[in-house]
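Comments concern the structure below.
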Protein chains: 4
Amino acid sequence: MTASLEVVRLEPTPEQYRFSFGGGEPLLTVRPGTVVELTTEDCYGGEVRSVDDLPSQVCRFPYLNPVTGPIAVEGAEPGDTLAVHLVDIAPARDWAVSSTFPHFGALTTTHSTAMLHDALEELVWLYEIDRERGTCLFRPRRGGPEVELPLDPMHGTIGVAPASGEVFASITPGAHGGNMDTPEVRAGTTVYFGVNVPGGQLSLGDGHCRQGEGEVCGTAVESAMHTVVVVDLVKGGGPAWPRLETDEFLASTGSVRPLEDAFRVSQHDLVTWAAELTGWDRLDALQLVSQAGLAPVGNVVDTNYTMVAKLAKRYLPGAVAADGVHERLRATADAYLTQR
Amino acid sequence: MTASLEVVRLEPTPEQYRFSFGGGEPLLTVRPGTVVELTTEDCYGGEVRSVDDLPSQVCRFPYLNPVTGPIAVEGAEPGDTLAVHLVDIAPARDWAVSSTFPHFGALTTTHSTAMLHDALEELVWLYEIDRERGTCLFRPRRGGPEVELPLDPMHGTIGVAPASGEVFASITPGAHGGNMDTPEVRAGTTVYFGVNVPGGQLSLGDGHCRQGEGEVCGTAVESAMHTVVVVDLVKGGGPAWPRLETDEFLASTGSVRPLEDAFRVSQHDLVTWAAELTGWDRLDALQLVSQAGLAPVGNVVDTNYTMVAKLAKRYLPGAVAADGVHERLRATADAYLTQR
Amino acid sequence: MTASLEVVRLEPTPEQYRFSFGGGEPLLTVRPGTVVELTTEDCYGGEVRSVDDLPSQVCRFPYLNPVTGPIAVEGAEPGDTLAVHLVDIAPARDWAVSSTFPHFGALTTTHSTAMLHDALEELVWLYEIDRERGTCLFRPRRGGPEVELPLDPMHGTIGVAPASGEVFASITPGAHGGNMDTPEVRAGTTVYFGVNVPGGQLSLGDGHCRQGEGEVCGTAVESAMHTVVVVDLVKGGGPAWPRLETDEFLASTGSVRPLEDAFRVSQHDLVTWAAELTGWDRLDALQLVSQAGLAPVGNVVDTNYTMVAKLAKRYLPGAVAADGVHERLRATADAYLTQR
Amino acid sequence: MTASLEVVRLEPTPEQYRFSFGGGEPLLTVRPGTVVELTTEDCYGGEVRSVDDLPSQVCRFPYLNPVTGPIAVEGAEPGDTLAVHLVDIAPARDWAVSSTFPHFGALTTTHSTAMLHDALEELVWLYEIDRERGTCLFRPRRGGPEVELPLDPMHGTIGVAPASGEVFASITPGAHGGNMDTPEVRAGTTVYFGVNVPGGQLSLGDGHCRQGEGEVCGTAVESAMHTVVVVDLVKGGGPAWPRLETDEFLASTGSVRPLEDAFRVSQHDLVTWAAELTGWDRLDALQLVSQAGLAPVGNVVDTNYTMVAKLAKRYLPGAVAADGVHERLRATADAYLTQR
């Protein structure tokens with residue numbers, strides 16, 4: 001396999017970043033199985049570099065949350081499954097940034113949960129990133145102890161072109177993926193998308209050095225990233241909502257409002273998927289998921305809220321998801337990492 | 001400490017079980033620091049013993065979800081903190097039971113999310129419990145692989161008398177605790193309640209051999225339990241919503257609808273609590289929780305939905321919650337377990 | 001009928017007001033068909049009498065929202081229908097009051113929709129009530145035009161004892177009625193409740209000189225009232241949620257969260273009821289309601305949100321609800337008003 | 001004015017219908033003040049013509065809910081206000097159609113409120129339209145009385161191109177308008193949209209002979225329409241969400257989930273608007289709206305839910321909205337109708 005490893009690079013120029021899913025020409029077209037080494041900019045477009053750079057002043061609306069792509073995959077047709085394995089996600093700088101943002105977040109009046117309060121104060125935090133030690137350093141703005149947190153890099157935004165010709169801002173999560181903001185999208189994870197348009201049109205961005213579940217203030221430890229993915233294709237079987245697979249877990253996602261509906265979508269998909277993979281009746285699958293499933297929150301701040309429904313593969317005897325593509329992509333990743 | 005260990009037993013007769021929080025006379029009154037060995041019946045009142053015992057037929061409404069208690073704590077007054085440390089939770093039988101239930105669960109029409117569908121089929125699952133090996137065995141009703149799951153015993157229902165003279169059915173979670181159905185209430189956890197009435201009036205029940213996050217079908221692996229708790233009192237400082245502490249974590253809960261409001265309540269409490277414990281400004285605490293917090297779902301099936309907001313204590317330098325009572329109760333628990 | 005008209009008065013002393021539904025002894029017991037002339041205090045317990053009386057300072061928690069009752073109806077048993085016809089609702093004073101209230105209302109952070117904002121400012125408005133002209137006068141606190149609004153008196157709170165021994169604060173609406181805060185509960189309306197306990201135990205209060213749909217700031221034009229009701233009993237047929245009937249309309253209510261579930265509950269009940277009354281299939285009733293139904297909002301501020309589903313009786317050919325008791329109570333009301 | 005009345009016609013060919021808001025070239029460009037006589041097809045694309053034409057079989061996905069347009073208005077720039085006055089909405093045929101639809105509606109499992117039930121039965125109703133008598137006839141499919149309902153024609157879908165280059169399916173309501181499905185969009189109403197792109201790009205369709213509040217089954221009495229609008233422009237002042245004005249009322253809309261957030265958005269906008277128009281402080285405007293506002297439900301079935309917040313203009317002394325354009329458009333409409 002090593003011999004045949006196809007590796008391409010994708011480093012967008014500032015003008016090449018996109019701010020939506022759907023529409024536009026692909027920035028890159030690859031064959032299934034290709035390793036793509038790419039760079040992503042942070043959700044502020046790199047414009048917030050100190051605690052004095054207030055996002056509402058230095059960012060140009062609506063040019064927020066740039067994504068790298070789209071990457072078209074040869075042969076991908078509507079109904080197919082696009083499999084994206086995250087091989088490596090490495091912070092590109094020795095600093096990262098987070099902030100509150102007027103009318104954005106779970107504990108503030110927003111444009112949707114509209115209230116008569118003035119906006120919460122806009123405040124920026126700068127984190128020191130120590131890639132050697134694998135840490136990012138939280139410095140409170142107004143005194144009190146500093147805290148060192150472990151790096152756990154992930155991409156908040158990853159998705160494909162939506163169905164029906166729709167074009168969504170990159171900050172919106174949905175059935176096409178997008179800004180799901182779940183910490184589960186880390187190195188070692190394979191993400192499955194249903195293909196809606198020829199080529200599938202994968203884009204990703206919004207790297208986080210780490211993120212709490214729910215992303216309650218509205219932003220994570222935001223960073224430009226050097227990321228490596230393997231992009232592959234499984235004919236047919238495209239899921240209605242993005243699914244995830246790791247060596248340990250299968251997971252389904254749901255990105256809608258209210259949050260209980262995101263929970264329902266993700267659990268319904270996981271129950272249905274578990275039934276298909278094991279031969280269980282759906283009520284039996286419901287029972288097993290009820291006792292053994294996990295339900296980590298993705299985000300409760302974006303235009304849709306994201307829930308993940310997660311089940312250990314050891315509780316799904318004999319199950320092989322998506323023709324076993326995760327195993328193959330793991331092997332590709334290992335080959336790539338060995339020869340790099 | 002061993003010398004002074006006060007241990008009492010509480011084994012309700014069938015007539016002594018209660019079905020609500022609030023009202024009624026205490027079944028037991030203890031001094032702060034007392035170890036209570038108690039028994040609880042399962043949520044079906046023990047009436048479902050085979051897959052042919054349909055809950056809607058064998059259970060007598062509204063006599064569902066019996067709780068053991070209330071236990072009054074001497075000296076507890078409104079505004080105080082009732083601290084309950086779970087020392088041990090042991091399944092009382094070698095079987096446990098779960099079921100669907102007409103109009104109950106997250107993926108079915110209910111009395112609140114009312115739809116024109118007929119109810120989902122009512123089905124019962126019987127689990128074999130192997131306490132030696134620490135497992136419960138899932139047997140699908142309609143074929144396919146069996147799965148052995150690890151025991152992880154917990155109480156779905158634990159709470160105190162509500163404020164303002166309200167009386168809530170034991171199936172309702174809220175600011176008083178109650179049927180939160182979070183797997184976090186396991187041995188090793190201390191639960192903090194705000195005291196609303198003299199004595200606090202602690203009750204608990206609804207033991208689960210294990211439960212997935214969300215309890216999506218509406219019930220867990222339900223079992224009668226032999227449970228040991230230490231009950232203690234901290235004067236003042238009663239939290240607005242139940243809080244949890246383990247050796248590793250602090251956690252806040254919220255039990256309301258919709259689910260995003262349960263998320264908001266729990267995160268708001270955790271942010272506020274973290275600020276108090278560290279001296280951080282609330283926006284700094286919001287930032288830290290946003291990057292390091294976890295948000296495990298409790299239930300998305302009961303009359304209120306429950307979210308937990310959880311933060312590792314190692315990210316709260318110098319924080320001591322509730323006058324350090326968790327440490328003291330851990331010591332009591334160790335002393336008890338040593339001499340048992 | 002006039003000859004047999006039974007009229008009793010109920011004027012609670014300050015100590016006799018209740019603050020919950022459920023529990024306690026009846027204040028009055030009447031035979032079915034009795035006219036009750038009663039007085040109610042306003043939701044502030046009459047403590048807010050000028051714009052300088054801030055509710056958070058002059059009201060004693062949790063003694064808010066006093067109700068008059070309970071009134072037991074002889075012969076009422078669980079499963080029966082309690083029918084309450086509102087004959088007259090007259091403001092008791094020549095002033096009424098409204099206010100914002102910290103952490104209460106639809107456009108402010110609350111204890112459930114918890115945010116990090118400071119509370120909105122607490123402000124009181126005093127309305128002049130002109131019973132002759134049928135108006136209440138809005139005086140803005142900070143300048144700008146005054147507005148004269150028509151009186152449209154109603155009761156925000158009306159209900160019976162809940163099922164299962166539960167006791168709810170009088171500010172909570174639910175299946176038992178309670179603080180539904182819908183303008184539909186005005187003179188001329190008959191309200192139907194399912195009886196949960198012997199006697200039914202009717203209470204009412206929270207008079208409003210008028211109220212907008214949703215009660216968005218959290219309070220209406222609050223006033224003590226002189227109110228006349230006729231209380232009657234229909235054996236059996238107790239509805240799951242309060243229903244309303246006027247000369248023109250039938251209506252169902254739902255009081256839960258989120259608001260779409262309150263909508264679902266009320267629409268589901270109306271569809272089911274319409275099918276029963278006409279002989280239509282439920283899908284046919286769904287179709288008719290979809291095209292001819294109204295959905296006025298009750299409240300979006302209380303511990304549960306209330307929606308009303310309303311259908312003109314002229315679109316329900318031949319339908320007779322609750323054995324025609326509304327017609328009979330209208331006749332009783334006419335007889336009473338004539339002889340008064 | 002009659003002399004200068006500019007009237008153009010717009011009758012799309014079948015190929016010219018669009019299925020989204022945003023993107024694409026205008027079908028027509030007009031000067032401000034132009035009267036446009038146009039035709040719209042029904043939401044089924046005219047494919048459902050008998051009770052045997054099941055939508056899921058005869059409609060081609062995603063080609064649902066065709067809209068007529070976009071109509072570009074000369075001089076309209078981002079930030080401006082596009083004013084659309086509905087002069088006349090006339091059913092184009094002597095029949096109209098409604099249906100249930102698998103996984104669509106408020107009382108059924110949907111793709112968002114995902115449950116394990118089978119879909120509700122798909123059923124079609126055909127209405128006879130009598131334009132002379134102004135009625136549509138409901139015929140139950142499974143027996144029981146027929147009901148004659150008054151015609152009250154409206155457009156479920158009306159909107160402009162969204163901001164930020166987004167493209168939304170025509171079934172989605174939002175800040176751009178779209179599929180709000182509120183009965184308030186009838187002849188005599190002026191709708192105000194914030195302009196997001198040059199020309200504004202107005203489209204409309206989804207005519208309803210009438211619709212209940214909430215559109216609970218998912219569809220109204222659907223009909224192709226002959227519709228007349230006047231399209232005008234007010235420089236600046238573009239509202240964040242669509243607003244409505246009639247001779248009697250001002251109204252704001254909100255289209256998000258959950259339904260309480262749609263309520264919040266619409267009420268927040270109405271309160272803010274009322275304060276601007278009268279000079280009241282926002283808390284005074286909140287108070288007035290709380291006592292005098294109406295909150296009719298639009299839809300609780302589409303991808304976003306729609307609420308309307310409505311206030312009688314007689315309670316807003318001296319208020320003139322959008323430079324008084326409604327009055328001018330009323331005059332234009334009268335002139336047009338007189339000379340037609």
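We name chains A, B, ... by the order of the sequence lines, and we start the count at 1 in each one. Small disclaimer: the values here were computed from a predicted structure and weren't measured.
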- Task: Below 4.5 Å from any heavy atom of chain A, which atoms of L107(B) appear? Answer side chain, backbone, both or neither.
- Result: side chain
- Using non-hydrogen atoms only, which part of F263(B) is less than 4.5 Å away from chain A: side chain, backbone, both, or neither? side chain
- Under a 4.5 Å heavy-atom cutoff, which of A106(B), A312(B), G279(B), C136(B) has the most pairs with chain A? A106(B)
- Message: I'd like to know which of T100(B), L120(B), L283(B) tops the heavy-atom pair count under 4.5 Å against chain A.
- Response: L283(B)
- Message: Counting heavy-atom pairs under 4.5 Å with chain A, which one of H208(B), Q291(B), Q211(B) comes out on top?
- Response: Q291(B)
- Item | Between E215(B), R210(B), H268(B), the one whose heavy-atom pairs under 4.5 Å with chain A are most numerous | R210(B)
- Message: Within residues 249-261 of chain A, which residues come under 4.5 Å of chain B, heavy atom to heavy atom?
- Response: P258(A), L259(A), E260(A)
- Message: Taking every non-hydrogen pair under 4.5 Å, which of L288(A), T278(A), V271(A), V301(A) racks up the most with chain B?
- Response: L288(A)
- By residue number, those in residues 121-131 of chain B with heavy atoms under 4.5 Å from heavy atoms of chain A are E121(B), L123(B), W125(B), Y127(B)
- Scan for salt bridge (Lys or Arg N to Asp or Glu O under 4.0 Å) pairs involving residues 279-295 of chain A, sequence neighbours excluded, and state none if there are none. D281(A)-R142(B)
- For F138(A), is it the side chain, the backbone, both, or neither that has a heavy atom closer than 4.5 Å to a heavy atom of chain B? side chain
- Note on the structure: Scanning both residues in full, the closest heavy-atom pair of P140(B) with W280(A) reads CG-NE1, 3.6 Å
- Task: Determine which residues belonging to residues 145-152 of chain B lie within contact range of chain A, meaning some heavy atom pair is under 4.5 Å apart, and list them by number or answer 'none'.
- Result: P145(B), E146(B), V147(B), E148(B), L149(B), P150(B)
- Can you name the nearest heavy-atom pair linking E213(A) to P296(B), along with the distance? OE1-N, 4.0 Å
- So which heavy atom on Q287(A) is nearest to which on S99(B), and how close? NE2-N, 4.3 Å
- Note on the structure: Ranking A220(B), A262(B), G218(B) by heavy-atom pairs under 4.5 Å to chain A gives rank one to A220(B)
- Message: How close do V297(B) and M307(A) get, counting heavy atoms only, and between which atoms?
- Response: CG2-CE, 3.5 Å
- Item | Contact winner vs chain A - S290(B), A309(B), G144(B), G318(B), heavy-atom pairs under 4.5 Å | S290(B)
- Note on the structure: Nearest heavy-atom contact between Y305(B) and R264(A) is OH-NH2, 3.7 Å
- Task: Select one option (side chain, backbone, both, neither) describing which atoms of T113(B) are under 4.5 Å from chain A's heavy atoms.
- Result: side chain
